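For clarity, every value in this text was computed on a predicted model and none was experimentally measured. Indexing begins at 1, ligand by ligand and atom by atom, following the structure's order.
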Amino acid sequence: MTIFDNLIRWGLPVVPKVIVGRFARPYVAGPTLEHAVTAIQNIMKEGAMATLDILGEEVSERSKAESSTREYLSLFDAIEQRNLDSNVSVKPTMLGMKIDEAFCAENIDAIAAKAKEKNNFLRIDMEDHTTTSATLRIYRTMRERHGPHVGVVLQSYMRRTIDDINSLLDLKPNIRICKGIYREPRTVAWKGFETIQQNFVYATRKILSSGGYVGIATHDSHLVWSGMALADELGLNPEQYEFQMLYGVDPGLRRIILDSGHRLRVYVPFGQDWYPYSMRRLRENPTIAKNVLNAMLGGGRT
Ligand code: FDA
């Protein structure tokens, strides 16, 4: 990545929202649940599964966190009624983590109870490092209360991730491993590309070989290969792990994973609050610098 790419990436917040919206469209199913249902039906036709995410984060009003909780509860009914092969992902800061941990835990508890009632599954996403310890405390409590119907996420860029895995192994945890997307200081996060890759593989191996379940969440073909190699080396059957990818990213790789006989889940975000999520996706898109600049200058494709 060039210095120029980095300048564009971190300068994205000053790009007009209308331009960001144009490039962000492929990453979000749409503003309503109906858009997400259509996206999931197409994903199912490909032979993949989904996880539904309502866009929103960093909520500072209790009433907003409570209405998001209600919206999440109704998702499980919609999944059942529409016969969707989907579970659900939540962001703790949408459910009040920045207001009060206990309040957030109550909201997540209600959603996890609904997941269990519907024999479905709730994944607690991982956000920036200020929320990691609290998110893992909530995960442990939910796991004790709702068993295998709840899982969490760990990020391979975090220096603490191996210790976190060690502290969760007694649960035979269900963990999505991803690289991590938040801008973290060097004191808490590894910065080297290869170190983050190696930590991803180390973490995946550690959980799988201890009887846990891993959602191998990546579009990095080296990590996809290493996930496949690990599954083979450990003699796993395809129900003991899954690959995961984000909506709108690399459908070709999606096909390759499915055609190789592995299970794949696509993360499908929908809702009105698309901006922060889309900004993170745009920063990761290798061709975004050129395209955004073209659009700002009035040229190029839309
Ligand atoms: P990397 O960023 O190196 O990308 C590999 C290749 O994928 C790129 O070279 C490019 O070809 C392609 N690619 C990646 N992003 C693209 C984009 N936006 N547009 C076009 N092409 C792109 N993070 C987090 O902190 N907490 C979380 O809870 C989650 N949850 C989560 C769920 C799922 C299902 C996935 C797949 C990812 C997450 N993430 C996440 C995000 C994750 O941490 C990470 O930022 C992204 O997956 C990108 O990392 P890769 O492993 O794909 O590698």
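Looking at Tyr157 next to ligand 1, no N or O pair under 3.5 Å apart turns up. Looking at ligand 1, you won't find any N or O of Tyr267 less than 3.5 Å from one of its N or O atoms. Backbone and side-chain nitrogen or oxygen atoms of Gln244 are examined, and none is located within less than 3.5 angstrom of a nitrogen or oxygen of ligand 1.
Salt-bridge annotation for Arg140 and Glu144: present, with a side-chain N of the basic residue lying under 4.0 Å from a carboxylate O of the acidic one.
Between Asp220 and Gln197 the shortest side-chain heavy-atom distance falls below 4.5 Å. In this structure, the side chains of Ile111 and Phe76 come closer than 4.5 Å at one or more pairs of heavy atoms. Side chains of Ile216 and Met228 form no contact here, defined as non-hydrogen atoms less than 4.5 Å apart. Counting heavy atoms from C-beta on, the side chains of Asp53 and Phe270 never come closer than 4.5 Å. Looking only at side-chain heavy atoms (C-beta outward), Tyr139 and Leu171 come within less than 4.5 Å of each other.
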(request) Kindly indicate, with the supporting measurements, whether the criterion salt bridge (charged side-chain N to carboxylate O under 4.0 Å, His left out) is fulfilled by Glu34 and Arg82. (result) CA-CA 10 Å; Glu34 278 315 301; Arg82 312 296 287 266; 2.8 Å; yes
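If you number the atoms of ligand 1 from 1 as listed, the ones under 4.0 Å from a heavy atom of Phe193 come out as 3 (O). Near Gln155, meaning under 4.0 Å from any of its heavy atoms, are these atoms of ligand 1: 24 (C), 25 (O), 26 (N). Within the listing of ligand 1, atoms 25 (O) sit less than 4.0 angstrom from a heavy atom of Tyr182. The distance from ligand 1 to the heavy atoms of Val153 drops below 4.0 Å at these ligand atoms: 27 (C), 28 (O).
At least one cation-pi condition fails for Arg263 and Tyr241: the charged atom is not both under 6.0 angstrom from the six-membered ring centre and inside a 45 degree cone around its axis. The side-chain tip of Lys17 points at the ring of Trp274 from less than 6.0 angstrom away and within 45° of straight on.
Annotation: atom 27 (C) of ligand 1 to nearest protein heavy atom, Met126 O, 3.6 Å. Shortest contact from atom 11 (O) of ligand 1 to any protein heavy atom: Pro286 CG, 4.0 Å. Given atom 53 (O) of ligand 1, the protein heavy atom at minimum distance is Lys179 NZ, 2.9 Å. What sits closest to atom 47 (O) of ligand 1 on the protein, heavy atoms only, is His219 CE1, 3.6 Å. If you check which protein heavy atom lies closest to atom 41 (C) of ligand 1, you get Arg281 NH2, 3.8 Å. In terms of protein heavy-atom proximity, atom 45 (O) of ligand 1 is nearest to Glu284 OE2, 2.3 Å. Nearest protein neighbour of atom 43 (O) of ligand 1, counting heavy atoms only, is Gly180 N, 2.6 Å. If you check which protein heavy atom lies closest to atom 51 (O) of ligand 1, you get Thr218 OG1, 2.6 Å.
For Phe200, the heavy-atom gap to ligand 1 stays at 4.0 angstrom or more. Under a 4.0 Å heavy-atom criterion, Leu246 is in contact with ligand 1. Using a 4.0 Å heavy-atom cutoff, Leu223 is absent from the residues neighbouring ligand 1.
Selection from Ser156, Pro26, Cys178, Gly252 by nearest heavy atom to atom 38 (C) of ligand 1 gives Cys178. Closest heavy-atom approach to atom 24 (C) of ligand 1 within the set Ile181, Asp128, Val268, Asp125: this belongs to Ile181.
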Acceptor/donor pairs from residues 150-167 side chains to any protein atom, 3.5 angstrom cut, sequence neighbours excluded:
residue: Gln155; atom: NE2; partner: Met126; partner atom: O; Å: 3.4
residue: Gln155; atom: NE2; partner: Glu127; partner atom: O; Å: 3.2
residue: Ser156; atom: OG; partner: Ile196; partner atom: O; Å: 3.0
residue: Tyr157; atom: OH; partner: Tyr182; partner atom: N; Å: 3.0
residue: Tyr157; atom: OH; partner: Tyr182; partner atom: O; Å: 3.4
residue: Arg159; atom: NE; partner: Arg186; partner atom: O; Å: 2.8
residue: Arg159; atom: NH2; partner: Arg186; partner atom: O; Å: 2.9
residue: Arg160; atom: NE; partner: Asp164; partner atom: OD1; Å: 3.3
residue: Arg160; atom: NE; partner: Asp164; partner atom: OD2; Å: 2.7
residue: Arg160; atom: NH1; partner: Ser133; partner atom: OG; Å: 2.9
residue: Arg160; atom: NH2; partner: Ser133; partner atom: OG; Å: 3.4
residue: Arg160; atom: NH2; partner: Asp164; partner atom: OD1; Å: 3.1
residue: Thr161; atom: OG1; partner: Gln155; partner atom: O; Å: 2.6
residue: Asn166; atom: OD1; partner: Lys206; partner atom: NZ; Å: 3.0
residue: Asn166; atom: ND2; partner: Ile162; partner atom: O; Å: 3.4
residue: Ser167; atom: OG; partner: Asp164; partner atom: O; Å: 2.9

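Residues His35 and Thr32 have side chains that bring a donor and an acceptor to within less than 3.5 angstrom of each other.
Ile108 pairs in a side chain to side chain contact (heavy atoms under 4.5 Å, CB included) with only one of the listed residues (Thr69, Thr135, Leu95), which is Leu95.
There is a protein heavy atom closer than 4.0 angstrom to atom 18 (N) of ligand 1.
Between the side chain of Thr195 and the main chain of Lys191, no donor-acceptor pair closer than 3.5 Å is present.
Here Glu127 has no heavy atoms under 4.0 Å from ligand 1, in either its backbone or its side chain.
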